[in-house]
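Single-structure report; data block below.
This one's a predicted model, so the numbers in the text were calculated from it and none came from an experiment. Chain naming here is simple, since letters A, B, ... match the order of the sequence lines and numbering starts at 1 in each.
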Amino acid sequence: MNDNELLAELLLPDIDKTPDYYENLFPTRNLGEGARVTRVAPSPTGYLHLGTLFTALVNRIAATTTSGVFFTRIEDTDKKREVEGGIENIIDGLNRFGITIDEGFISGSEETGIYGPYQQSKRAEIYQTYVKDLIKKGFAYPCFCTAEDLEAVRKVQEENKIRTGYHGEYAKHRNITYNEAKSLIESGKPFVIRLKSQGSEENKVIFEDMIKGKIEMPQNDEDFVLLKSDGIPTYHFAHAIDDHLMHTTHVMRGDEWISSTPKHIELFKLLGFKVPKYAHISPIMKLDNGAKRKISKRKDPEAAVHFFIEEGYEAISVIEYLMTIAASDFEDWRRANPDTDYKDFKFNFKKMSVSGALFDQNKLNDISKIKISKLNSSEFYQRVCSWAKEFNPSFYEILVKNPDYSKSVFAIDRDNADKPRKDIAKWNEVEDFYSYMFEELYKSEFELPENIQKSDAKAFLEKYSAVYDPNDDRRAWFDKIKEIAPELGFAADTKEYKANPENFKGSAGDLSTVLRLSITSRKNTPDLCSIMQVLGKEECFKRIENTIKVL
RNA sequence: GGCCCGGUGGUCAAGUGGCCUAAGACACCGCCCUUUCACGGCGGUAACACGAGUUCGAAUCUCGUCCGGGUCACCA
């Protein structure tokens with residue numbers, strides 16, 4: 001055995017497998033030509049983040065359009081940041097948003113696929129096997145520096161305006177001998193394993209990013225950490241090993257990774273792996289005091305995808321909004337194919353935005369309104385119930401008390417309407433929007449518009465209740481108002497009124513406003529005729545009589 | 001600060017040297033439709049960061065400046 005081999009045995013005595021073992025264990029995938037293998041690899045550090053959802057969606061759709069595979073992998077190599085139930089939060093979140101997972105973690109506790117385990121903390125032996133091999137080949141070595149040692153070096157570098165980091169002459173243990181290592185280990189000093197970088201700052205690495213195009217950077221020359229002192233790998237090393245063994249073809253991740261890509265490329269090459277294609281996704285930004293910045297977990301409630309669920313956005317609305325950000329041709333496609341499943345959209349890297357998009361709630365709302373406007377009353381009822389059950393129990397009680405009635409409320413201007421209402425963007429708007437339709441929520445409280453005299457309003461309401469017939473259709477309903485109008489000095493016809501406003505107190509439209517206020521206490525509502533039919537004659541008369549009394 | 005990436009209306013964006021007098025969508029404003037609102041229809045305000053070059057011709061190519069973002073860990 002030479003010194004490197006002795007060192008490898010000294011450092012990782014329990015590792016008895018070789019890389020070949022794993023190469024054979026995880027054979028190439030049998031997929032069609034051009035099929036992309038993508039993945040999302042979240043850390044279980046909390047709830048599902050908007051950016052993670054976005055990344056997952058893009059990876060998912062990129063795989064789908066080539067009949068490829070999309071898998072999940074849990075990057076739990078930092079136990080300090082790990083959160084109880086983190087895996088569940090994230091995977092359940094993805095499921096909730098309809099991101100189908102072919103392989104890896106498909107729920108908080110279930111894994112499928114033959115390339116596992118899909119959790120890095122369970123792969124320690126695999127990483128160590130490869131590290132051991134690297135040490136044998138002289139491409140890795142132990143480093144015994146403490147945090148303080150490293151900090152001291154950094155200070156010196158900063159003072160001398162030298163690029164900080166563990167590289168070149170600052171890589172203290174780069175040429176450590178077997179005997180030195182042996183005595184340090186025997187004295188119980190903890191150590192990490194570092195890469196013995198073969199790169200030089202003088203040379204360039206060039207790679208073709210699928211989204212950003214050609215990127216040219218100095219080669220990595222840093223002897224970065226491969227294995228932490230607890231024997232668990234860093235992200236960089238785990239990425240190289242896992243994506244190779246799992247045969248990922250396209251690594252699509254946040255663009256904060258661009259700057260470490262030279263590290264990854266060096267690793268892949270040194271390990272003898274094929275370098276995957278990289279696609280660096282721009283983050284979703286937010287406007288904060290006039291400045292653009294990445295949406296932050298800490299500061300922004302909408303960073304947690306759960307926020308949208310609580311607000312009552314349909315998962316599909318959020319997804320389609322994200323699709324418009326992900327692919328600039330998605331909106332055009334959606335217009336041409338209004339009812340096709342978004343999963344049938346053909347994703348193309350060239351149509352991905354190079355710079356980060358500002359999160360636009362207006363746009364989300366518009367997309368969401370369109371989605372909801374396509375629902376019929378039963379679907380609407382069913383969805384608003386499932387939302388309310390979880391987030392607004394008191395409203396839920398009201399809704400389910402009389403399902404048929406609730407549905408008839410939502411059917412107004414919706415079922416059989418050629419222009420269905422496009423007014424609700426999220427379910428938490430429903431209670432307030434329809435409050436006057438529910439006894440438990442309705443409060444009679446309004447002011448007459450200034451141009452209407454109380455006496456006229458009263459007279460109108462009295463005359464109207466004498467002729468109201470719930471069986472009247474919209475036309476007949478309004479005709480009756482028009483008939484009463486001239487008797488009170490109002491124009492029956494709006495045009496007539498507009499032509500000579502001085503001749504009238506107002507128009508039939510103003511009178512319908514009086515009725516609307518009396519019935520709903522609102523100036524604006526969906527079709528009043530339908531509202532009255534749904535409310536029922538008895539309730540309507542109760543409200544009208546009450547109005548007459550207080551006027 | 002070093003290294004990367006980016007910069008077209010308020011937002012998302014089309015644009016690959018002449019079809020640009022710069023598309024479309026969201027938002028905003030106006031008009032029409034109309035029992036109100038919403039929808040819908042029609043119209044409007046509003047942009048190539050700046051400066052040099054290359055070229056007959058530049059949003060598009062080059063360089064510089066400025067601005068924004070990312071990154072420089074035993075975090076991912």
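Searching all strands for a Watson-Crick or G-U wobble partner of B/rU65 with both distances below 3.5 Å returns B/rA49. Of all nucleotides present, only B/rA25 satisfies the Watson-Crick or G-U wobble test against B/rU11, with each distance under 3.5 Å. Under the Watson-Crick or G-U wobble criterion, with both distances below 3.5 Å, B/rG57 has no partner in any strand shown. Base pairing annotation: B/rG2 forms a Watson-Crick or G-U wobble pair with B/rU71, both donor-acceptor distances under 3.5 Å. The partner of B/rA38, taking Watson-Crick or G-U wobble pairs whose two distances both stay under 3.5 Å, does not exist in any strand shown.
For A/Lys80, whose side chain is taken as the heavy atoms from C-beta onward, the closest listed nucleotide among B/rC3, B/rU11, B/rC75 is B/rC75. Taking only side-chain atoms of A/Arg335, from C-beta outward, the nucleotide of B/rA38, B/rG24, B/rC26 with the closest atom is B/rG24. For A/Asp360, the listed nucleotide lying nearest its side chain is B/rU11; candidates were B/rU35, B/rC4, B/rU11. Closest approach to the A/Thr525 side chain among B/rU36, B/rC74, B/rA76 is made by B/rU36 (side chain taken as heavy atoms from C-beta onward). Residue A/Arg516 places its side chain closer to B/rU35 than to any other of B/rA76, B/rC4, B/rU35.
In the displayed structure, A/Glu202 atom CD is contacted under 6.0 Å by at most 12 heavy atoms of other residues, nucleotides or ligands. Shown here is A/Lys277, whose NZ atom has no more than 12 heavy atoms of other residues, nucleotides or ligands within 6.0 Å. Dense packing is recorded around NZ of A/Lys204, with more than 12 heavy atoms of other residues, nucleotides or ligands lying under 6.0 Å away.
Looking at A/Glu266 and A/Ser197, their side chains do bring a donor and an acceptor atom within 3.5 Å of each other.
A/Lys228 has a side-chain polar atom (N or O) that falls below the 4.0 Å cut-off from OP1 or OP2 of B/rC75. An OP1 or OP2 oxygen of B/rA13 is reached within less than 4.0 angstrom by a side-chain nitrogen or oxygen of A/Ser353. Look at A/Lys369 and you won't find any side-chain N or O under 4.0 angstrom from OP1 or OP2 of B/rA38.
Here A/Arg293 lies out of heavy-atom contact (under 4.0 Å) with every strand. Within 4.0 Å (heavy atoms only), A/Ala357 reaches sugar-phosphate atoms of the nucleic acid but no base atom. Nucleic acid contact for A/Ser355: sugar-phosphate only, since backbone atoms but no base atoms lie under 4.0 Å from a heavy atom of the residue. When heavy atoms are screened at a 4.0 angstrom cut-off, A/Ser373 is found touching no nucleic acid atom at all. Among the atoms of the strands shown, base atoms are found under 4.0 Å from some heavy atom of A/Lys363.
Between the side chain of A/Arg163 and the base of B/rC72, no donor-acceptor pair under 3.5 Å is found.
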